[in-house]
Amino acid sequence: MTNATFLTQNNEQAEWWRSAVIYQIYPRSFADGNGDGIGDLPGITEKLDSLATLGIDAIWFSPFFKSPQKDAGYDISDYRQIDPIFGTNEDFDVLLAKAKSLGIRIIVDIVPNHTSDQHAWFQAALAAAPGSIERGYYHFKDGKGANGELPPNNWQSIFGGPAWSRITEADGSLGQWYLHLFDSSQPDLNWENPAIADEFDEILRFWLKKGVDGFRVDVAHGMVKRAGLPDATIYDENLRERSISNLTMDEAELAVPYWGQPGVHDAIRRFRRVIDEFDDRAMCAEASMSPLPRLAMWVRPDEYHQSFNFDYMHSAYEPAAIKKIVTDSIVEYGKVGASSTWVLSNHDGIRHATRLGIAPENTPRPGDGIHPTDPMPDEALGLRRARAATSFMLGLPGSSYLYQGEELGLPEAWQLEGKYRQDPTYARTNGERIGRDGCRVPLPWVADATASNGFNTTGESWLPQPANYRVFARNLQEGVAGSTLELYKRLLKERRQFGLGSGQFRWADEYQDKNTLAYINNGVLVLTNFGPEAVVVPAGEILVTTQHDLSIEGELEHDQTVWIKL
Ligand code: GLC
């Protein structure tokens with residue numbers, strides 16, 4: 001690629017999602033209005049101004065629907081009701097109205113792959129006979145073996161253990177098995193059954209009519225299973241197709257008969273038709289698919305608008321690797337008319353302020369947290385790299401996702417004792433896999449205001465904050481030059497000012513060596529030094545930098561980023 005090559009990004013179009021900065025709220029841990037230790041919608045509404053000040057465009061809410069909370073709300077028992085722990089449907093209306101008045105869009109999380117076992121559909125299926133219409137909503141099968149005592153196939157749950165559980169029939173006899181790719185409390189829906197698509201059309205319309213701007217679609221790559229539910233030939237509960245990315249598409253579909261099956265695309269198109277009944281709405285797929293050309297198939301013009309870019313999130317912190325993923329993302333998404341997304345943290349992975357302080361060979365696999373027996377992360381290095389990596393990301397064209405707390409530089413709460421851990425992965429693997437609780441701990445708002453640092457007024461907290469959260473409290477960073485919070489605000493302000501989300505992007509090889517990455521977007525040079533030697537800062541006007549006291553033609557140290565107006 002020559003210096004002058006601009007990469008087409010398809011985000012010059014006005015649609016908001018092509019360039020939006022979308023902030024993920026994990027409702028139980030953002031802000032707690034009623035002081036019970038679990039975050040809620042009134043708590044969030046009260047804090048919306050602080051997000052407007054941060055400069056985001058939209059919020060994606062992890063699920064707040066009625067749920068037994070076996071998987072922190074990803075087990076839904078009523079798709080049209082707010083769970084009482086988070087408030088009421090009226091609380092949501094208030095939140096939505098306030099967000100709109102602040103110019104912030106709202107995306108809700110829809111979970112179509114599975115329901116809670118407490119959902120009325122599953123309860124009806126349990127009560128009905130094998131072969132009934134009610135059982136047809138899920139994957140109920142007879143077991144193998146002389147007495148049906150073996151699961152119908154060899155699939156494993158993503159959270160550990162078998163992906164099948166056997167039920168007791170209404171007459172008390174041992175009966176059929178049902179499929180759950182996640183916890184046994186999360187039975188998979190049967191998308192071959194047209195009734196399911198009809199149900200979801202109406203669920204989507206319910207929220208669209210309320211005025212939400214779109215959906216994040218959970219486990220979008222798993223909704224449709226291969227006909228006949230054949231055995232998997234590759235094992236890796238958490239593979240999410242990354243480890244099989246060198247197989248052909250046909251081989252991959254056969255090897256893992258529950259991810260990325262062709263039938264998924266029909267389900268997506270159906271969603272898209274509903275979305276298109278309304279103006280200006282968008283959907284983002286949680287589709288953990290690799291490689292990028294395969295993932296790009298999910299964002300063709302009549303499918304999703306966006307898809308998370310997990311290859312970017314899981315990339316090695318290394319210039320050549322990042323350059324390749326960025327180029328491939330822009331090119332491959334571009335081929336199908338989509339813009340790229342970028343993300344470094346979410347509620348399923350180790351916070352990047354900690355993850356980037358772990359040596360590559362010690363980094364737990366995606367979805368696993370840091371185990372007490374793992375080598376300790378280098379938190380100072382992690383934070384420094386996180387600030388550099390975020391500053392690199394937010395200058396890229398396309399849409400970026402932020403996870404609550406990263407604007408504070410919040411580290412992973414990896415010290416959590418076992419007794420507090422709630423992720424089903426922890427219980428299902430007897431603690432062998434520590435799970436994702438460490439990235440889900442409530443946010444510190446005001447240092448020392450309460451034991452929960454102002455998460456609420458009572459100090460209660462469903463997961464306790466570690467002692468080091470105090471120093472990351474928002475009030476200690478507000479207005480403080482050099483703080484991570486002020487860095488984020490400045491990045492988002494300049495990004496908006498220079499239209500970087502929909503900018504003209506090219507790699508700036510003329511400013512790059514083997515330890516640095518440089519690109520130019522709408523006349524702004526973004527330079528990141530991945531170290532170890534300091535590099536000279538090119539001439540121009542410094543717009544924003546992670547390095548305190550940086551000057552033009554001074555030296556950019558290791559793991560620092562600067563934005564320069566050329
Ligand atoms: C997605 C969610 C994760 C959840 C799982 C099952 O991967 O992001 O938090 O546990 O789906 O719904």
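Worth saying up front: this structure is predicted, and the values here are computed from it rather than measured. In each ligand, atom 1 is the first atom listed, and ligand 1 is the first ligand listed. Numbering starts at 1 and runs along the sequence shown.
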### Message
I want to confirm something. Looking only at heavy atoms, which of Asp348, Asp218, Val111 is nearest to atom 1 (C) of ligand 1?
### Response
Asp218
### Message
So for Arg216, does at least one of its heavy atoms come nearer than 4.0 angstrom to any atom of ligand 1?
### Response
yes
#### Entry: Within 6.0 angstrom of Gln415 CD, more than 12 heavy atoms from elsewhere
yes
### Message
Tell me if the NZ atom of Lys210 is crowded by more than 12 foreign heavy atoms within 6.0 Å.
### Response
yes
### Query
Taking only heavy atoms of His114, which atoms of ligand 1 are found under 4.0 Å from at least one of them?
6 (C), 12 (O)
### Query
If you measure from the Lys or Arg side-chain nitrogens to the Asp or Glu carboxylate oxygens, is any gap between Lys66 and Asp83 under 4.0 Å?
no
### Query
Just which atoms of ligand 1 are under 4.0 Å from any heavy atom in Arg436?
3 (C), 4 (C), 9 (O), 10 (O)
### Message
If we count only N and O atoms by modelled type, under 3.5 Å, do the side chains of Ser399 and Arg18 hold a donor and an acceptor together?
### Response
no
### Mode of Phe159 contact toward ligand 1 - side chain, backbone, both, neither (heavy atoms, under 4.0 Å)
side chain
### Residue list, side chain to side chain contact (heavy atoms under 4.5 Å, CB included) with Asp231, at least two apart or on another chain
Lys144, Asn153, Asn154
### Ligand-residue contact atoms, ligand 1 with Arg440, heavy atoms, under 4.0 Å
9 (O)
